[in-house]
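Notes follow once the structure below has been shown.
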Amino acid sequence: KSNTMWGGRFAAGPDAIMEAINASIGFDQRMARQDIEGSRAHAAMLAATGIITDSDAEAIREGLLTVLSEIESGTFEFSTALEDIHMNVESRLKDLIGEPAGRLHTARSRNDQVATDFKLWVRDQIDAAIDGIEALMKAFLKQAEEGASWVMPGFTHLQTAQPVTWGHHMMAYVEMLGRDLSRFKDARVRMNESPLGGAALAGTSFPIDRHMTAEALGFDRPTANSLDSTADRDFALEYLSAASICAMHLSRFAEELVIWSSAQFRFVVLSDRFSTGSSIMPQKKNPDAAELIRAKIGRILGATVSLFTVMKGLPLTYSKDMQEDKEQVFDAADSLMLSLAAMEGMVSDLTANIPALEASAGSGFSTATDLADWLVRELNMPFRDAHHVTGTLVALAESKGCDLPDLTLEDMQNVAAGITQGVFDVLGVHNSVNSRQSYGGTAPDQVRARISDWKERLK
Ligand code: ARG
């Protein structure tokens, strides 16, 4: 038996394999709420413009609420034969209210309908991501505030570089997440135009009011070109791109947590709530949540590449290829939201091992740059010469098996005669970080100033 929605010209129904490859109801039922919201707005507009009667619109709008409650309570029976959420909803509406249901699809196509539903869904996810990112930023801010003056090693090449403050390191992630936040907000502004009323592709001969439906659905305006409206999936690509960048940031901190929580580093203790044990090694406490967050970028970026690949080379306007957009976005959105929530929990629960951080901050000749800077400042040495002198002192300390502050004044003077006792002041890690007062530098005062900037912005 052929499809009741489009089967007029068909003598036979689809092969079972055809039905399996064609149906999207298995996943697009996640857009049920958006579909019904869009249809309710469309019906109200059809009545307001005199295209259908008020009583038909009323019956449609009421019936759609019943369908929604059936779906939300889990009593709705989804049918693969009805392909997708759009036809499942409409078909059930017909069971419920009869003839008026058939008028809902006037001046509309599944092509503008699916673009509208999907945009509404993605827009909700953008809002959720914004909330999730802000919550995580607040967790980082709290860590930063607590440890604004704790010292730790800063790394380049994962080799000790210069001492930094814990607060400064935490605030680096606040900056990254702040850019993520603005990317999502920015994408939201650009995508917020309603495709509804683009119809199949060319617009419609019915006197519809696209401004009315746009407003009802919280869009800023209708899209300006019906071909573009139904063919566009930029909004999903922008969402995925922003999600990928954000997931990449989360992955970097996740990696740091994995390293920092190891027995070799002992920089942090992860809470039991976000760790797991081993079934064979009783001593183990594994950073599984961090590892999974580190990995999630794979799925999210994978979804991004996948949708770009689906969309590239597609002629205007709608092609069924575009049905392959949803699962990717759904999976990416779930992965992102779960990662944000797990990361927020881990950051909130994170305990820094302050003595271990401080001890590590002073090792590895981390204040060599401070020594070179001192030679420039106090002895008026050209920086290149100061660099060389300091390098010689590092080699000396290395050969003696000690750190820079452990060298004697005599050791120092043998390399550069003018060095005085004052040099030892800058070899301490606290003096080192306190001296980095340049805007955006690691000095605790600077870090505290950035913390209050961000607290103000997140209010
Ligand atoms: N299930 C389809 C999708 O997800 C809806 C649009 C179908 N339109 C069409 N003309 N076949 O893209």
Side-chain angles (χ1 to χ4, degrees), residues 2-10 13-39 41-42 64 67 71 76-93 102 104-125 191 194-204 213 217 223 226-237 239-240 303 306-333:
S2 67
N3 189 294
T4 52
M5 296 282 171
W6 44 251
R9 77 181 314 283
F10 287 77
D15 190 273
I17 303 286
M18 177 58 199
E19 216 168 78
I21 195 174
N22 195 38
S24 53
I25 189 61
F27 48 88
D28 67 13
Q29 50 183 272
R30 283 187 74 168
M31 305 194 305
R33 195 173 50 74
Q34 289 78 8
D35 191 70
I36 285 169
E37 211 185 312
S39 290
H42 185 66
L64 285 168
V67 177
I71 292 174
F76 191 96
E77 275 185 39
F78 292 103
S79 146
T80 312
L82 289 164
E83 291 182 26
D84 55 26
I85 186 64
H86 324 295
M87 298 205 296
N88 269 270
V89 167
E90 192 186 317
S91 168
R92 179 65 188 140
L93 184 65
L104 170 61
H105 213 53
T106 315
R108 180 179 84 169
S109 154
R110 271 188 297 159
N111 297 345
D112 59 338
Q113 193 180 355
V114 73
T116 305
D117 294 2
F118 195 33
K119 236 187 204 187
L120 291 172
W121 198 92
V122 170
R123 197 178 67 185
D124 286 347
Q125 286 301 314
M191 71 173 279
S194 172
L196 194 59
L201 74 165
T204 173
T213 45
L217 296 171
T223 53
S226 62
L227 299 175
D228 175 51
S229 315
T230 48
D232 166 37
R233 291 294 180 274
D234 293 6
F235 62 89
L237 289 169
Y239 167 77
L240 289 172
S306 171
L307 185 55
F308 267 104
T309 312
V310 166
M311 293 308 294
K312 82 164 274 297
L314 280 190
L316 303 188
T317 49
Y318 180 84
S319 297
K320 201 58 175 265
D321 310 50
M322 288 158 72
Q323 182 167 284
E324 291 287 313
D325 55 3
K326 287 167 214 69
E327 282 168 293
Q328 301 298 336
V329 172
F330 293 165
D331 186 69

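Remember, it's 1-based here, ligands and their atoms both numbered in the order they're listed. What's counted below: heavy atoms across the whole structure, side chains too, no hydrogens, waters or symmetry copies. Just so it is clear, the model here is predicted, and its values are computed rather than measured.
R110 NH2, 3.6 Å is the protein heavy atom nearest to atom 11 (N) of ligand 1. Here the heavy atom of the protein found nearest to atom 2 (C) of ligand 1 is Q323 OE1, 3.2 Å. Atom 6 (C) of ligand 1 has as its closest protein heavy atom Y318 OH, 3.4 Å.
Note on ligand 1: K326 sits in its first shell, one or more heavy atoms being nearer than 4.0 Å.
Listed by first and then second residue, the salt bridge (Lys or Arg N to Asp or Glu O under 4.0 Å) pairs that reach into residues 105-115 are E83-R110, D84-R110, sequence neighbours excluded.
Atom numbering of ligand 1 starts at 1 in the shown order; those under 4.0 Å from a heavy atom of S24 are 1 (N). Ligand 1 places these atoms under 4.0 Å from at least one heavy atom of N111: 8 (N), 9 (C), 10 (N).
The distance from the OG1 atom of T223 to the CG atom of D232 is 8.5 Å, given to the nearest 0.5 Å. Remark: Q113 CD to S39 OG distance equals 5.0 Å, nearest 0.5 Å.
In terms of heavy atoms, H42 sits closest to L196 at CB-CD2, 4.2 Å.
The N/O atoms of D84, backbone and side chain alike, include one that comes under 3.5 Å of an N/O atom in ligand 1.
In this pair, W121 and F330 present their aromatic rings tilted. The plane angle is within the 30 to 60° band.
Judged as a ring pair (Phe, Tyr, Trp, His ring centres under 6.0 Å), and not counting sequence neighbours, the contacts of F78 are F76.
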